[in-house]
Amino acid sequence: QKVYDSTQCVYITNMLQAKRYLSYLGPDYFLDILYTGTKREDCMVFVFKKCPETHKAKELWDKHEL
C-alpha cells in the first residue's frame, strides 16, 4: 500500500476537476488514484503533487478557466 505525505499532495474527488488537472498539468504531476469510503461512500480520490503548478491549476479551476 502506498502512503503519501498529505502536506505534499493535493487530493481531488471531483472527477471533472481531476480530468481538467490532468489535461492542464499532464501526467508528471499525477501520483495515484485511491478508492476510499472514509469521507464519502464509494469515493475515488485523485492524488496530485502539491507544487506551484497544481496551485495554478486550482486558481484557474476556481475562476472557471480550466
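Only this structure's heavy atoms are used, side chains among them; waters, hydrogens and symmetry mates stay out. Since we're looking at a predicted model, the values are computed, not measured.
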Check your understanding: Are M15 and L31 co-members of a hydrophobic cluster defined by side-chain heavy atoms under 4.5 Å apart?
Key -> no
Point to revise | ILVMFWY cluster, Y35 and V47 together (side-chain gap under 4.5 Å) | key: no
Distance (rounded to the nearest 0.5 Å) between [X] [atom1] and [Y] [atom2]:
| X | Y | atom1 | atom2 | value |
| --- | --- | --- | --- | --- |
| K49 | F30 | NZ | CZ | 12.0 Å |
| E53 | L25 | CD | CG | 7.5 Å |
| D28 | C51 | CG | SG | 10.0 Å |

Review point. Centroid-to-centroid, F46 to Y21, below 6.0 Å?
Key: no
**Study point:** Shortest non-hydrogen separation from A18 to F48 and the atoms involved
**Key:** O-CZ, 3.9 Å
Which side-chain N or O atoms in residues 6-13 pair as donor and acceptor under 3.5 Å with protein atoms at least two apart or in another chain?
residue: T7; atom: OG1; partner: D5; partner atom: OD1; Å: 2.7
residue: T7; atom: OG1; partner: D5; partner atom: OD2; Å: 3.1
residue: T13; atom: OG1; partner: R40; partner atom: NH2; Å: 2.6

**Study point:** Partner residues of Y4 under the side-chain hydrogen bond (donor to acceptor under 3.5 Å, both in side chains) criterion, sequence neighbours left out
**Key:** D32
Mind listing the side-chain donor-acceptor pairs of residues 59-66 below 3.5 Å, one per line with the distance, residues two or more places apart or on another chain?
residue: E59; atom: OE2; partner: H55; partner atom: NE2; Å: 3.1
residue: D62; atom: OD1; partner: K58; partner atom: NZ; Å: 2.8
residue: D62; atom: OD2; partner: K58; partner atom: NZ; Å: 3.1

